[in-house]
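Let me begin by presenting the structure, written as structure tokens, before commenting on it.
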Amino acid sequence: MMADVMEQNGSLARSRPQGDQGGGVQANAGSGGAGSGNPGGGLPGGGTGPGNPNAGAAGGGNPVSAGKAGNVGGGNGGPVPAGKAGNTGGGRGEPASSAAGPTRTGTDDSVAAERIVAIRERIDEIDSTLIALWQERAALSQEVGATRMASGGTRLVLSREREILERFRQALGADGTQLALLLLRAGRGPL
Ligand SMILES: O=C(O)C(=O)C[C@]1(C(=O)O)C=C[C@@H](O)C=C1
């Protein structure tokens, strides 16, 4: 895993060595106060969700709203994508025949379905927060880049990017590295 990151960092550094002036963190302006109102909720309490590692976690977030089958809230509104037609094997995907029906939780067990609906409400909240944070970060990153370039600086500071990649890798492993690469690209554009 370390090798992965070293390789990524290495290729990053190799791909645009001119972007980094080697001065460490430069012009890291404008990112203070970027907090975005973490809703701070946990999953709804419960513990009836079969196989859900979060089941039974202390609640404190949004309440369980039972019986809202078909409306998991969150403002997403879009239909759950149907499984590929003809892919009904093994119980692992959503049967095509139920794509528009009331059992879009993927189970016919009403207790499990209720729990799934409740958990999905929190998932939708989290996704909305992630999207908002993603957009806020990209805007801030663009502002940093514009500020730096307007003052005669570089578009990129690759040493800063390496710091960020390493922070995400330490927290999330290899997926964190991939996530950080996407975050960085969203802000400063592709390398
Ligand atoms: O922190 C900076 O200096 C930025 O320009 C922001 C940012 C980022 O998105 O985090 C973007 C481009 C740089 O190469 C490094 C980091």
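Just follow the structure's listing: the first ligand is 1, and inside any ligand the first atom is 1.
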Quiz prompt | Proximity to ligand 1 by part of Leu156, non-hydrogen separation under 4.0 Å | solution =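 The answer is both.
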Exercise. Please state which part of Leu183 comes within less than 4.0 Å of ligand 1, counting heavy atoms only: side chain, backbone, both or neither.
Key: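 None of Leu183 does.
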Quiz prompt | Residues which pass side-chain hydrogen bond (donor to acceptor under 3.5 Å, both in side chains) with Gln170, listed by chain and number, not counting sequence neighbours | solution =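 Only Glu166 meet the side-chain hydrogen bond (donor to acceptor under 3.5 Å, both in side chains) criterion with Gln170.
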Numbered atoms of ligand 1 (with element) below 4.0 Å of [X], judged on heavy atoms:
X      : result
Arg160 : 1 (O), 15 (C), 16 (C)
Ser141 : 6 (C), 7 (C), 8 (C), 9 (O), 11 (C)
Ile164 : 10 (O)
Arg148 : 2 (C), 3 (O), 4 (C), 5 (O), 13 (C)

Quiz item: Which is closest to atom 8 (C) of ligand 1 in terms of heavy atoms, Val157, Leu191, Leu184?
Solution: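 Shortest heavy-atom distance from atom 8 (C) of ligand 1: Leu184.
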Quiz item: Judging by distance only, is a nitrogen or oxygen of Glu161 under 3.5 angstrom from one on ligand 1?
Solution: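 Checking ligand 1 against Glu161, an N or O pair does fall under 3.5 Å apart.
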Exercise. Report yes if some N/O of Arg137 lies less than 3.5 Å from some N/O of ligand 1; otherwise report no.
Key: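 It does: an N or O of Arg137 is found under 3.5 Å from an N or O of ligand 1.
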Exercise. Give me the other members of the hydrophobic cluster that Leu130 sits in, counting Ile, Leu, Val, Met, Phe, Trp and Tyr linked by side-chain heavy atoms under 4.5 Å, directly or via other members.
Key: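 Under the 4.5 Å side-chain rule, Leu130 groups with Ile126.
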To the nearest 0.5 angstrom, please state how far the [atom1] atom of [X] sits from the [atom2] atom of [Y].
X      : Y      : atom1 : atom2 : value
Thr177 : Phe168 : OG1   : CZ    : 10.0 Å
Asp109 : Glu114 : CG    : CD    : 10.5 Å
Arg160 : Ser141 : CZ    : OG    : 9.5 Å

Self-check item: Heavy-atom side-chain proximity of Met149 to Thr154 below 4.5 angstrom
Solution: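 Met149 vs Thr154: side chains apart.
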Quiz item: Got Val117 and Arg120 here, is their nearest side-chain heavy-atom distance under 4.5 Å?
Solution: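 No, too far: nothing below the 4.5 Å cut-off.
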